[in-house]
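Labels below follow one simple rule: chain letters A, B, ... track the order of the sequence lines, proteins then strands, and each chain is numbered from 1.
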Amino acid sequence: MSRRPSSHSGALEQHFFARDVTVVARDLIGMLLCRRNRRGLTVGRIAETEAYLAQGDSASHSFNGINRKNASMFGPPGRAYIYTIHARQCFNIVTELTGVASAVLIRAVEPMHGIRLMEQRRSTCIKRDLCRGPARLCEAFDTGGDFDGWDLTRQCRLWVATDSAGDDFRISNSPRIGVTSAKDARLRFFLTGNKFVSGPKALNR
DNA sequence: AAAACGATCTACT
DNA sequence: GTAGATCGTTTTG
C-alpha cells in the first residue's frame, strides 16, 4: 500500500544545512521536497541544485550586503529564501551559520507524488515540464513569496526530507551526481542523465 | 519617467 | 537551440 512520506521520511534537521553550501547543494540531490496543504500532498525528488556562496560570488543576491529583500539569506540555516524574477518565483534554502549569507537554489525536481495537483497548478500534463526549472517547480509546489523565511525543518506545509529506505519514493538507481563549475564561482549539481533537469547544458553531461 | 536588466519560460524549428 | 515574452526592481537622465 501507499505509505505517506511524512511518516517514513523525516524532515532534514538544521545541522544538515549548517554546513558548507557546496556540500549541502550536492547532498540535497536525491532528497525530497515536500509540500502539503488543503488541496493535497506534492513530493518531488531534487534533481538539480546550484550553490550561491557567501564570499566572492558576485552572482549571489547577498553580494552587496543585506537589504529588505535578501534578509532571509542572512538568517538561520534551513530557512527558505524566495526571490521573484521575471514575475516568477525562485526557491532557495539558506545554508551555513546565521549571518553567513549562502544558499542553494533548487533548479529542478523529479515529480514523485501529487502529479495531478502539479498538473493543475502548472496547466500542463507534460511530466517533464512540471518541475523542470526553478520557477516551474515553485508553481507546481505552490511555493509563493509567503514562504520567504519559512523554517523548512519543521515538517509543516513545506519541508525537505530524506529519501529513507522503504518508502514509496526511494531512489531505485544509485544516482550519479554531475558537477559543473559556472561563472562567478557558482556551482551546479544534478543527476547525470536525468531528464528532469532545467537545461540542455546539464543534459549533455 | 524611461530604459535596462535579470538565479526564466514558452513555443517553435 | 533560440527568439520573443514577461514584469518587478534598479539605474539613468
Whole angstrom is fine here: how far is it from [atom1] in [X] over to [atom2] in [N]?
| X | N | atom1 | atom2 | result |
| --- | --- | --- | --- | --- |
| A:R132 | B:dC9 | CZ | P | 9 Å |
| A:E50 | B:dT8 | CD | P | 8 Å |
| A:N64 | B:dC5 | CG | C1' | 14 Å |
| A:I85 | B:dC9 | CD1 | P | 10 Å |
| A:L187 | B:dA7 | CG | P | 17 Å |
| A:I126 | B:dA11 | CD1 | C1' | 10 Å |
| A:Q89 | C:dC7 | CD | P | 14 Å |
| A:N92 | B:dT8 | CG | C1' | 14 Å |

Quiz item: Under 5.5 Å between ring centres and under 30° between planes: does that hold for A:Y83 against the base of B:dA7?
Solution: no
Quiz item: Does B:dC12 have a Watson-Crick or wobble partner in any strand here, with both distances under 3.5 angstrom, and which is it?
Solution: C:dG1
Quiz item: Considering every strand shown, what is the Watson-Crick or G-U wobble mate of C:dG8 when both distances are under 3.5 Å?
Solution: B:dC5
Any idea which of [options] is nearest the [X] side chain?
| X | options | value |
| --- | --- | --- |
| A:H86 | B:dT8, C:dC7, B:dA7 | B:dT8 |
| A:H61 | B:dA7, B:dC9, C:dT9 | B:dA7 |
| A:Y81 | C:dT9, B:dT8, B:dA7 | B:dA7 |
| A:A87 | B:dC9, C:dC7, B:dA7 | C:dC7 |
| A:R88 | B:dA7, B:dT8, C:dT9 | B:dT8 |

Quiz prompt | A:R121/A:E139 salt bridge by N-O under 4.0 Å criterion | solution = no
Practice problem: Remember a base hit wins even if backbone is also touched, and classify A:D129 as base, sugar-phosphate or nothing at under 4.0 Å, heavy atoms. | Solution: nothing
Exercise. May I ask you to say what A:F91 touches in the nucleic acid, namely base, sugar-phosphate or nothing, with a heavy-atom cut-off under 4.0 Å?
Key: nothing
Quiz item: Do the side chains of A:R39 and A:Q120 get nearer than 4.5 Å, heavy atoms only?
Solution: yes
Quiz prompt | CZ (A:R116) with more than 12 external heavy atoms under 6.0 Å | solution = no
Quiz item: Is it the case that A:D148 and A:S72 place a side-chain donor and acceptor less than 3.5 Å from each other?
Solution: yes
Self-check item: Polar side chain donor-acceptor pair, A:S102 to A:E96, under 3.5 angstrom
Solution: yes
Practice problem: Report yes if a side-chain nitrogen or oxygen of A:R68 is closer than 4.0 Å to either non-bridging phosphate oxygen (OP1 or OP2) of C:dT9; otherwise report no. | Solution: no
